[in-house]
Amino acid sequence: MYKICYWFFFFMIYSFIGYLAEITCCSINNKKLIVNRGFCLGPYLPIYGSSSVIMNIFLAKYSKDIITLFVMSAFVCTLMEYMTSLILEKIFHARWWDYSNKKYNINGRICLDTMIPFGILGVFIMYVTNPFFVRLYNSLPDI
């Protein structure tokens, strides 16, 4: 079992990477710099950090089977996206994203167009970035 510092490290790293990915995609799509992509102050989006921690905890056992890992990553991230959208809307009475204009959407909260990249990113996280960040974390001195 890892320490809370380990999971917090992963949460913050992936929250920041998610923020960078969001502002990059949104800025390209809107053809102007978009800086604020969430309800938090600062360069992080907790949905990405939470999803990565959940994937690390629950999906590591599927790492030997890339197809199962892809499907489970898509499922976990899509469920997180749906629940986050629902909770944010209930708390703040606002929608941060809306896929109503996309084909195969559910209540405008999730859509097939995002499920596939979530699966691909989940596989990428488990095979590429996690090993790098584990090495980075392990190289940090104990406090």
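All figures in this text were calculated on a predicted structure; none of them were measured in a lab.
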Inset, instruction - Calculate, to the nearest 0.5 Å, the distance between atoms CD1 and CD1 belonging to I28 and I34 respectively. - result: 11.5 Å
Legend entry - Cluster link F118 to V71, ILVMFWY, side chain under 4.5 Å: no
Inset, instruction - Mind checking the CZ-CD1 spacing from F92 to I87? Nearest 0.5 Å is all I need. - result: 11.0 Å
Inset, instruction - Spell out, as yes or no, whether a donor-acceptor pair under 3.5 Å connects the side chain of S63 to the backbone of A60. - result: yes
Inset, instruction - Compare every heavy atom of T129 with every heavy atom of I125, then report the nearest pair and how far apart it is. - result: CA-OG1, 3.2 Å
Legend entry - Shortest non-hydrogen contact from N105 toward S100: ND2-O, 3.3 Å
Inset, instruction - Supply the atom-to-atom distance T24 OG1 to L33 CG, rounded to the nearest 0.5 angstrom. - result: 9.0 Å
Legend entry - Within residues 8-29 or reaching into it, pairs that qualify as salt bridge (Lys or Arg N to Asp or Glu O under 4.0 Å) - sequence neighbours excluded: E22-R37
Inset, instruction - Determine, step by step, whether Y14 and F133 satisfy the ring pair (Phe, Tyr, Trp, His ring centres under 6.0 Å) criterion, reporting the C-alpha distance in whole Å, the side-chain angles of both residues, the deciding distance to 0.1 Å, and the verdict. - result: CA-CA 10 Å; Y14 284 111; F133 290 131; 5.6 Å; yes
Legend entry - Side-chain donor-acceptor contact under 3.5 Å, N107 with Y99: no
Legend entry - Partners meeting salt bridge (Lys or Arg N to Asp or Glu O under 4.0 Å) with K61 (sequence neighbours left out): none
Legend entry - Smallest separation among heavy atoms of E81 and W97, with atom names: O-CZ2, 3.2 Å
Legend entry - Connected via hydrophobic side-chain network under 4.5 Å: Y44 and I23: no
Inset, instruction - Report whether F16 and L121 are members of the same hydrophobic cluster (ILVMFWY, side-chain heavy atoms less than 4.5 Å apart, transitive linking). - result: no
Using a 3.5 Å cut-off and no angle test, enumerate the donor-acceptor pairs between side-chain atoms of residues 73-80 and protein atoms at least two apart in sequence or in another chain.
| unit_1 | atom_1 | unit_2 | atom_2 | d |
| --- | --- | --- | --- | --- |
| S73 | OG | L69 | O | 2.7 |
| T78 | OG1 | A74 | O | 2.6 |

Legend entry - Nearest-0.5 Å distance that lies between atom CD1 in I120 and atom CE in M115: 12.0 Å
Inset, instruction - Working to the nearest 0.5 Å, report the span between NZ of K90 and OG of S85. - result: 10.0 Å
Legend entry - Value rounded to 0.5 Å, distance of OH in Y82 from SG in C111: 13.5 Å
Legend entry - Non-hydrogen atoms of C5 and Y137 that approach each other most closely: CB-OH, 3.7 Å
Inset, instruction - Please work out whether the ring planes of F10 and W7 are parallel, tilted or perpendicular, with thresholds of 30° and 60°. - result: tilted
Inset, instruction - Would you sort out whether E89 and R109 count as a side-chain contact (heavy atoms from CB on, under 4.5 Å), showing the intermediate values? - result: CA-CA 10 Å; E89 188 173 329; R109 298 182 194 289; 3.0 Å; yes
Inset, instruction - Please lay out, stage by stage, how Y19 and Y48 fare under the test ring pair (Phe, Tyr, Trp, His ring centres under 6.0 Å). - result: CA-CA 8 Å; Y19 171 82; Y48 291 100; 9.9 Å; no
Legend entry - Shortest non-hydrogen separation from M55 to M126 and the atoms involved: O-CE, 3.9 Å
